2 protein chains.
Amino acid sequence: MKRFVPTLLMTGAALLGSAIALPAAAQFAKPEDAIKYRKAAFTVMGTHFGRVAAMANGRIPFDAKAAADNAEIATVMSKLPYAGFVPGSDKGETKAESKIWTEMDKFNAAATKMQEEMAKLNVAAKGGNLDAIKAAVGETGKSCKACHDNYRKE
Amino acid sequence: MKRFVPTLLMTGAALLGSAIALPAAAQFAKPEDAIKYRKAAFTVMGTHFGRVAAMANGRIPFDAKAAADNAEIATVMSKLPYAGFVPGSDKGETKAESKIWTEMDKFNAAATKMQEEMAKLNVAAKGGNLDAIKAAVGETGKSCKACHDNYRKE
């Protein structure tokens with residue numbers, strides 16, 4: 001078994017350019033499944049973003065290859081969770097604020113912002129310049145926090 | 001915000017060929033983090049594989065594009081969970097059998113088998129032939145079950 005980071009052969013720009021609309025609500029049998037899915041996708045994204053952030057913040061040594069690999073996975077993952085915010089999934093094992101579903105346009109804009117910042121971080125990480133990575137981690141982190149402040153309980 | 005499946009521009013073969021060894025144990029601050037991560041990665045993988053399987057089994061209508069997109073994500077995800085089976089993560093909120101850590105070579109072989117079958121499913125899904133997808137879903141499902149039977153409690 002190989003533990004590895006796939007070479008996805010794509011840039012953040014290509015990723016953002018390849019939008020495919022999916023019928024989100026049809027993809028989950030139950031709201032609980034959607035909640036579990038989106039939390040899982042955020043967990044995986046956060047793990048990989050967190051490693052890049054730890055390098056940017058000097059908590060772990062900077063490793064350009066590891067930064068690029070983790071940013072790549074975080075960028076792929078950043079696209080996934082939002083399909084899980086289906087109607088009816090504001091109840092249950094979730095910290096999601098119910099206003100997500102009453103102002104979905106604003107929520108979607110905040111999600112897009114994060115996806116864009118993560119894609120920029122991916123580009124920066126591929127470039128290998130630590131100062132650029134630090135700046136991009138800062139902007140990405142801000143976009144995470146903005147959404148958490150507005151749309152996550154606790 | 002765009003809900004979409006990224007075009008990853010890679011084949012299963014390319015994916016399997018781009019192995020990068022990661023120092024798995026160093027990546028998680030606590031065993032609980034590793035457990036949460038691997039469960040999350042399996043959840044995302046299972047969701048996307050499940051959609052292809054549902055088409056293969058006729059539970060939902062076959063949609064070649066959706067099958068290919070979901071198989072692609074499942075294939076990317078199949079690489080991620082195993083970094084979470086770090087030493088010391090046999091205790092806690094996990095159904096992982098402790099023998100994973102005493103026969104890691106066998107466990108890794110079972111993981112590799114699943115990754116290979118998923119990559120084949122990805123190729124089949126890109127081809128768009130439902131019979132080929134059905135066969136690949138069957139083989140992939142067998143590789144999931146083999147590992148669950150051996151290494152997952154309950």
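Just so you know, these numbers come straight off a predicted model, no measurement behind them. In what follows, every heavy atom counts, from backbone to side chain, and hydrogens, waters and symmetry copies are set aside. Residue numbers begin at 1 in each chain, while the letters A, B, ... track the order of the sequences.
- Under a 4.0 Å N-O distance rule, the pair A:K113/A:E117 qualifies as a salt bridge.
- Contacts between A:M114 and chain B at a heavy-atom distance below 4.5 Å are absent for every atom of the residue.
- With A:F42 as the aromatic partner, A:R152 does not meet the cation-pi criteria of under 6.0 angstrom to the ring centre and within 45 degrees of the ring axis.
- Applying the ring-ring contact (aromatic ring centres under 6.0 Å, His included) definition to pairs two or more places apart or across chains, those involving residues 128-154 of chain B are B:F107-B:Y151.
- When the heavy atoms of residues 32-39 of chain A are compared with those of chain B, the residues falling under 4.5 Å are A:K36, A:Y37, listed by number.
- Annotation: A:K91, atom NZ; neighbour count of heavy atoms from other residues, nucleotides and ligands within 6.0 Å does not exceed 12.
- For the atom pair CD (A:E103) and CG (A:D105), the distance works out to 9.5 Å, reported to the nearest 0.5 Å.
- Look at A:E139 and A:K142 and you find a salt bridge, because one of the NZ, NE, NH1 or NH2 atoms lies within 4.0 Å of a carboxylate O, short of that distance.
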